[in-house]
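Notes follow the structure.
As the structure is a computational prediction, the values presented were derived from the model and not from experiment. The sequence lines fix the lettering, A, B, ..., with proteins before strands; numbering per chain opens at 1.
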Number of protein chains: 2
Amino acid sequence: MEDLIRFLRQIPLLSELSEEQLTRIKEISIVRSYTKGTVIFNPSQKAEGFYILKKGKVKIYKSGRGKEQIIRIFSRPTFFGEAASFTGENFPAWAETIEDSEILFIPRMEFLELMKRDPEIGMRLLAVMAQRLIYLTGLIESLSLKDALSKVSSYILRNSKEVDNDEFKFSTNIAAMELGLTKETVSRMLSKLKSMGIIEKNGNLIRIKNKNALLELSE
Amino acid sequence: MEDLIRFLRQIPLLSELSEEQLTRIKEISIVRSYTKGTVIFNPSQKAEGFYILKKGKVKIYKSGRGKEQIIRIFSRPTFFGEAASFTGENFPAWAETIEDSEILFIPRMEFLELMKRDPEIGMRLLAVMAQRLIYLTGLIESLSLKDALSKVSSYILRNSKEVDNDEFKFSTNIAAMELGLTKETVSRMLSKLKSMGIIEKNGNLIRIKNKNALLELSE
DNA sequence: CGCGGCATTGAACTGGGTCAACATAAGTGG
DNA sequence: CCACTTATGTTGACCCAGTTCAATGCCGCG
């Protein structure tokens with residue numbers, strides 16, 4: 001179980017905590033395994049705490065009228081559900097695993113307590129929330145100001161940057177839900193980019209052949 | 001100048017501060033008047049501090065491809081530009097007055113200092129940022145999941161709630177930019193609602209005749 | 001009064017969605 | 001390892017909500 005403490009220390013928000021504080025978190029947190037496709041929380045639930053993704057992949061999304069819009073996908077250790085947990089209201093969105101995952105749950109009160117004791121955590125949390133606000137601003141821009149080709153182009157660039165490689169796995173389906181498009185449209189845009197000689201595709205792998213052109217198209 | 005201190009105390013974020021701290025803020029803050037249509041900051045600027053709206057109305061928006069998407073409109077005392085100011089990076093969006101306004105500027109460092117001295121401010125700020133995250137989540141939902149009629153319906157309800165009155169001023173233009181629609185589409189949806197007997201309109205005033213129907217249409 | 005900003009209405013256009021058929025990959029169990 | 005089933009991706013034909021363009025109306029104000 002030293003394991004868990006070592007893991008917690010990896011998370012920027014918690015990295016500065018003392019051995020003792022981390023042990024405390026370990027004690028109050030609940031670890032759960034979720035199989036792929038399990039709903040972690042939904043908008044009808046009041047937030048009683050927040051979550052830390054330990055392993056796996058989670059999508060945060062809104063749904064309505066039979067459609068769904070992904071707000072964010074988390075695939076590396078981080079926390080989520082923190083905004084609602086902080087206000088104590090209902091979660092504003094859905095959270096669902098898209099891979100088998102392990103997730104910690106931290107009760108709201110315990111965390112507030114912890115933060116009171118160590119204001120540094122609060123500052124860290126502020127920084128993270130500030131970044132998330134900026135991220136959402138970018139998402140709004142993309143959703144309402146860009147056309148399909150530009151969305152797909154910038155999405156490819158973003159993902160390539162994330163894995164720091166010009167070749168990487170790509171799911172048309174997930175891209176579509178993140179970008180507010182249909183899989184058909186994403187597929188068509190990929191074909192277009194392929195025919196323009198900007199990317200290559202084999203199987204579920206994509207490779208960028210002309211980064212500048214992509215940048216151009218991203219606007 | 002007691003005036004300014006009394007004003008600062010109205011703002012939830014700062015309301016708990018001591019006389020002395022407020023005086024300090026008063027000293028470090030810069031008050032400026034802006035005429036309608038003045039840009040306060042834009043995405044090419046690094047955030048050196050954040051702003052408090054004292055009087056007037058400000059829109060925060062993204063622009064690209066000749067279009068613009070309003071992210072938020074502030075019309076009552078509150079602060080803005082805080083996310084970027086916190087990370088110290090560029091502002092993610094534009095800010096522009098849509099009425100003659102008075103706005104305070106608080107340098108970044110001063111504020112960080114203040115927060116260090118009084119962690120309670122940090123907690124308040126967290127609460128506000130959490131709410132803003134939730135707000136943006138709602139905006140994303142509206143932009144990508146709702147159709148025009150539903151957007152306009154919920155917009156009308158929201159505004160009526162804000163002024164706590166069934167009759168209120170309404171700008172087709174601004175509504176359009178907030179909702180990610182064109183003024184023509186908004187106008188058409190209003191006509192539709194009028195013909196359904198759900199709202200009434202004369203001049204720039206709108207009146208809700210059937211709130212339940214509106215709620216229904218908002219989904 | 002006449003001008004400039006805002007709103008309305010109609011007609012035509014279009015980007016992306018929808019539907020359907022098919023292709024390819026990825027599990028799954030015998 | 002193969003056969004079968006279930007996800008995921010591709011392509012074409014058609015459709016439609018909302019945009020665009022253009023004309024016209026309305027009203028507040030110098």
Side-chain angles (χ1 to χ4, degrees), chain A residues 35-37 57 59 63-70 96-100 142-153 155-156 168-195 199-207 217 219, chain B residues 35-37 57 59 64-70 98-100 142-153 155-156 168-196 199-207 217 219:
Chain A
T35 58
K36 174 179 173 172
K57 212 173 207 175
K59 68 173 177 191
S63 70
R65 305 163 168 259
K67 292 190 291 185
E68 89 179 39
Q69 172 63 49
I70 292 184
E96 183 179 328
T97 53
I98 51 177
E99 282 180 10
D100 292 354
S142 161
L143 286 174
S144 54
L145 262 25
K146 291 183 174 177
D147 63 17
L149 186 58
S150 156
K151 284 181 184 180
V152 172
S153 300
Y155 184 82
I156 292 173
F168 52 95
K169 272 205 294 185
F170 188 95
S171 154
T172 308
N173 238 325
I174 291 182
M177 291 187 301
E178 286 202 72
L179 296 171
L181 299 170
T182 60
K183 58 181 167 46
E184 291 93 332
T185 301
V186 172
S187 180
R188 279 185 250 271
M189 295 304 125
L190 290 178
S191 304
K192 199 170 198 170
L193 290 173
K194 220 160 42 182
S195 75
I199 61 167
E200 242 168 22
K201 210 168 169 275
N202 41 340
N204 58 0
L205 282 186
I206 230 175
R207 200 169 66 75
L217 290 172
E219 182 114 309
Chain B
T35 58
K36 174 178 171 172
K57 211 173 207 175
K59 69 173 176 191
R65 304 163 168 261
K67 291 190 292 186
E68 89 179 38
Q69 171 64 50
I70 293 183
I98 51 177
E99 282 180 11
D100 293 353
S142 162
L143 285 174
S144 54
L145 262 24
K146 291 183 173 177
D147 63 18
L149 186 58
S150 156
K151 284 181 184 180
V152 172
S153 300
Y155 184 81
I156 292 173
F168 52 95
K169 272 205 293 185
F170 188 96
S171 153
T172 308
N173 238 323
I174 291 182
M177 290 188 300
E178 287 202 71
L179 296 172
L181 299 170
T182 60
K183 56 183 165 48
E184 291 93 334
T185 301
V186 173
S187 179
R188 281 186 249 271
M189 295 304 126
L190 290 179
S191 303
K192 198 170 198 171
L193 290 173
K194 220 160 42 182
S195 76
M196 290 162 93
I199 60 167
E200 243 168 23
K201 209 168 170 276
N202 41 341
N204 58 1
L205 282 185
I206 230 175
R207 201 170 66 74
L217 290 172
E219 180 120 312

Mind checking the OG-CD spacing from A:S142 to B:Q69? Nearest 0.5 Å is all I need.
11.5 Å

What is the distance from atom OG of A:S153 to atom CG of A:L190, rounded to the nearest 0.5 Å?
9.0 Å

Using the C1' atoms of five pairs at each end, what's the angle between the two axes of the helix from C:dC1-D:dG30 to C:dG30-D:dC1, to 10 degrees?
40°

Side-chain N or O of B:K201 closer than 4.0 Å to phosphate OP1/OP2 of C:dA7:
no

Under 4.0 Å from OP1 or OP2 of C:dA7: is there any side-chain N or O of B:T172 that close?
yes

For the pair made of [atom1] in [X] and [atom2] in [N], what is the distance, rounded to whole Å?
X: B:K169; N: C:dA7; atom1: NZ; atom2: C1'; value: 16 Å
X: A:E99; N: D:dT8; atom1: CD; atom2: P; value: 12 Å
X: B:L145; N: C:dG17; atom1: CG; atom2: P; value: 13 Å
X: A:I206; N: D:dT10; atom1: CD1; atom2: C1'; value: 14 Å

As a test of reading the structure: which of D:dG9, C:dC6, C:dT8 is closest to the side chain of B:N173, going by heavy atoms?
C:dC6

Testing C:dA7, D:dT10, D:dT8 for proximity to the side chain of B:S171, the answer is C:dA7

Go through it in stages, so that I can follow the logic: the residues are B:L205 and B:K169, the test is side-chain contact (heavy atoms from CB on, under 4.5 Å), and I'd like the CA-CA distance, side-chain angles, deciding distance and then a yes or no.
CA-CA 5 Å; B:L205 282 185; B:K169 272 205 293 185; 4.0 Å; yes

Which nucleotides of nucleotides 11-30 of chain D have their base under 4.0 Å from a protein heavy atom (B), which only their sugar-phosphate (S), and which neither (-), written as one string 5' to 3'?
BBB----SBBB---------

[X] side chain near [Y] side chain, heavy-atom distance below 4.5 Å:
X: A:K192; Y: A:R188; answer: no
X: A:S150; Y: A:D147; answer: yes
X: B:L193; Y: B:L149; answer: yes

Could you tell me whether B:K146 and B:E219 have a side-chain N and a carboxylate O separated by less than 4.0 Å?
no

Between A:N204 and B:F170, which has a closest nucleotide on DNA chain C that is more 5'?
B:F170

Which pairs of donor and acceptor atoms, one on a side chain in residues 172-184 of chain A, lie under 3.5 Å apart (sequence neighbours left out)?
residue : atom : partner : partner atom : Å
A:E178  : OE2  : A:Y155  : OH           : 2.8
A:T182  : OG1  : A:T185  : N            : 3.3
A:T182  : OG1  : A:T185  : OG1          : 3.0

